[in-house]
2 protein chains.
Amino acid sequence: MRKTPPEIPDVILNRLPLYYKHLKKIKNKNIEYISSEELAKHTGFSSSLIRKDLNYFGTFGKKSYGYDVSCLCRQIQLIMGMHISKTLIIIGAGNMGQALAFNSGLNERGYKLKALFDVKVDLIGKSINGSPILSTEELIPFIKKEDIDIAILTVPSEVAQEITDIIIRANIKGIWDFTEIPLKVPDHVFLEEQHINEGLCKLSYKLFQNHPY
Amino acid sequence: MRKTPPEIPDVILNRLPLYYKHLKKIKNKNIEYISSEELAKHTGFSSSLIRKDLNYFGTFGKKSYGYDVSCLCRQIQLIMGMHISKTLIIIGAGNMGQALAFNSGLNERGYKLKALFDVKVDLIGKSINGSPILSTEELIPFIKKEDIDIAILTVPSEVAQEITDIIIRANIKGIWDFTEIPLKVPDHVFLEEQHINEGLCKLSYKLFQNHPY
DNA sequence: TAGATTGTTAATCGATTAACAATC
DNA sequence: TAGATTGTTAATCGATTAACAATC
């Protein structure tokens with residue numbers, strides 16, 4: 001049974017990918033059913049919270065058995081739209097851009113990488129994991145012609161806003177931003193900022209939690 | 001004036017790096033003072049929340065002026081322990097590992113990269129951004145001898161737990177994990193999981209928010 | 001002084017937990 | 001049947017907002 005939720009609270013939306021990550025691991029161990037209590041042990045969330053979260057989307061569990069692992073994985077995929085095909089480009093074919101071109105998570109989530117873009121002449125024309133590196137001058141026509149949904153931004157922070165303005169003019173739908181600079185985008189463009197160094201900050205804080213600063 | 005907080009709620013700790021990111025941008029524009037209202041416009045948090053968050057650590061604002069941008073930046077650095085020197089290694093010198101070796105955010109946050117590690121013979125002996133690539137066989141003695149605080153994990157998911165167990169034996173203090181597999185670590189080791197593909201999931205969801213799944 | 005903006009309290013809102021009837 | 005575990009409600013907890021006195 002499936003509900004069509006009006007709007008999922010952010011706090012639940014943030015937990016779904018984590019549930020998914022753990023469920024995949026459990027699935028690989030060929031475990032068919034898992035109780036909310038077991039999943040709680042894996043994820044660190046309370047069993048009560050997990051049951052409530054999952055129930056938000058419909059009734060997926062079987063009383064006295066727990067949840068069908070495969071089925072639950074598939075449900076989360078459907079909720080997140082992972083089964084829907086999306087087009088993707090990477091702007092900035094440096095180390096990070098190239099690393100992400102090899103990220104198998106892209107395909108798994110329905111993203112088709114169409115091209116990378118860079119300004120460096122010695123990169124243009126090369127091919128990374130089957131996708132060509134093109135000149136940033138071709139950005140606008142390419143996005144329009146190939147109807148690109150999402151752009152990954154791995155350019156130097158100094159040019160991030162400039163490039164962003166360009167791709168917004170070309171009607172990009174969403175941006176996954178890896179730069180250090182907060183970007184300004186209009187409301188209709190979905191922006192996901194990957195605050196890559198947040199993890200470093202938190203580790204530093206934990207390491208010296210009670211230091212006399 | 002500075003308070004010594006007993007324990008910072010996670011929800012505040014998560015916002016601090018975002019405040020920092022925006023404050024840095026504002027500082028670069030040579031703006032000396034900023035009101036909570038202005039900062040709210042930049043960050044998307046409410047001015048009330050920002051004042052309350054900042055007040056948690058002490059009274060940094062000046063009534064009718066706002067907050068001294070440089071001072072506030074420095075305060076957040078101190079709170080997060082960014083000024084304290086920490087040693088770092090990167091395990092897995094593939095695309096992602098090499099990309100992170102060039103991440104200028106490491107130094108900015110007080111991390112000194114001491115070495116990268118890999119199993120690939122053709123990588124071992126090379127140097128990335130001034131740091132040598134060593135064999136993973138040297139991991140345990142290196143961590144102990146150099147007293148390494150943090151390890152960045154950019155190895156294939158299949159070997160992630162195995163490597164983790166090794167570095168824990170060598171008394172690593174914290175792990176910044178870029179793999180797709182949830183890791184098991186003892187309570188005394190600080191684990192920061194970089195759920196790299198979470199952003200992709202959320203973008204996908206937003207793109208098809210009201211699709212009839 | 002008048003205006004601006006903080007620091008802080010009280011009120012509200014939302015998220016999590018505890019508990020348990022329903023049921024496989 | 002007895003045991004297990006869900007789905008769901010009510011109670012609790014914590015986080016955010018609104019409001020405003022203090023004060024620069």
In whole angstrom, give the distance that lies between atom OH of A/Tyr67 and atom C1' of C/dT23. 14 Å
Counting only N and O atoms by type, is there a donor-acceptor contact under 3.5 Å from the side chain of B/Gln161 to the main-chain atoms of B/Lys184? yes
Without swapping roles, check the side chain of B/Lys63 against the backbone of B/Gly61 for a donor-acceptor pair under 3.5 Å. no
Name all residues meeting the side chain to side chain donor-acceptor pair (under 3.5 Å) criterion together with B/Glu193; count only those two or more places apart in sequence or in a different chain, and write none if there are none. none
Is it true that a side-chain atom of B/Ser204 and a backbone atom of B/Leu200 form a donor plus acceptor pair closer than 3.5 Å? no
How close or far is atom P of C/dT5 from atom CG of B/Leu54, stated in whole angstroms? 15 Å
Is the phosphate of D/dG3 approached by A/Tyr65 (side-chain N or O, under 4.0 Å from OP1 or OP2)? no
Going by an N to O cut-off under 4.0 Å, is there a salt bridge joining A/Asp149 and A/Lys112? no
5'-most contact on DNA chain C (nearest-nucleotide basis), A/Lys62 vs B/Gly66, goes to B/Gly66
Atom CD1 of A/Ile50 and atom P of D/dT6: how far apart are they, to the nearest Å? 10 Å
Measure CZ/B/Phe57 against C1'/C/dG7 and give the value in whole Å, please. 15 Å
Is the closest basic N to carboxylate O distance between A/Glu192 and B/Lys206 below 4.0 Å? yes
For A/Leu18, check side chain to side chain contact (heavy atoms under 4.5 Å, CB included) against everything at least two apart and list the hits. A/Phe45, B/His195, B/Glu198
Pairwise ring pair (Phe, Tyr, Trp, His ring centres under 6.0 Å) hits with a residue in residues 153-178 of chain B, at least two apart: B/Trp176-B/Phe178
Of residues 20-34 of chain B, the positions that come close to DNA chain C - non-hydrogen atoms, cut-off under 4.0 Å: none
Whole-Å distance separating the CZ atom of B/Phe60 from the C1' atom of C/dG7: 13 Å
Rounded to whole angstroms, how far apart are CD1 on A/Ile8 and P on C/dG14? 17 Å
At their closest point, which heavy atom of A/Ala101 faces which heavy atom of A/Ile128, and how far apart are they? CB-CG2, 3.7 Å
What is the nucleic acid contact for A/Ser36, judged by heavy atoms within less than 4.0 Å: base, sugar-phosphate only, or nothing? sugar-phosphate
Does the side chain of B/Asn55 get closer than 4.0 angstrom to OP1 or OP2 of C/dT8 through an N or O atom? yes
Quick one: stems for DNA chain D, with Watson-Crick or G-U pairs under 3.5 Å, at least three in a row? C:3-24 with D:3-24
Under-4.0 Å salt bridge between B/Asp147 and B/Lys173: yes
5' to 3', nucleotides 15-22 of chain C under a 4.0 Å protein heavy-atom cut-off (B base, S sugar-phosphate only, - none) gives SBBBB--B
Cationic N near anionic O, under 4.0 Å, B/Arg169 to B/Glu162: no
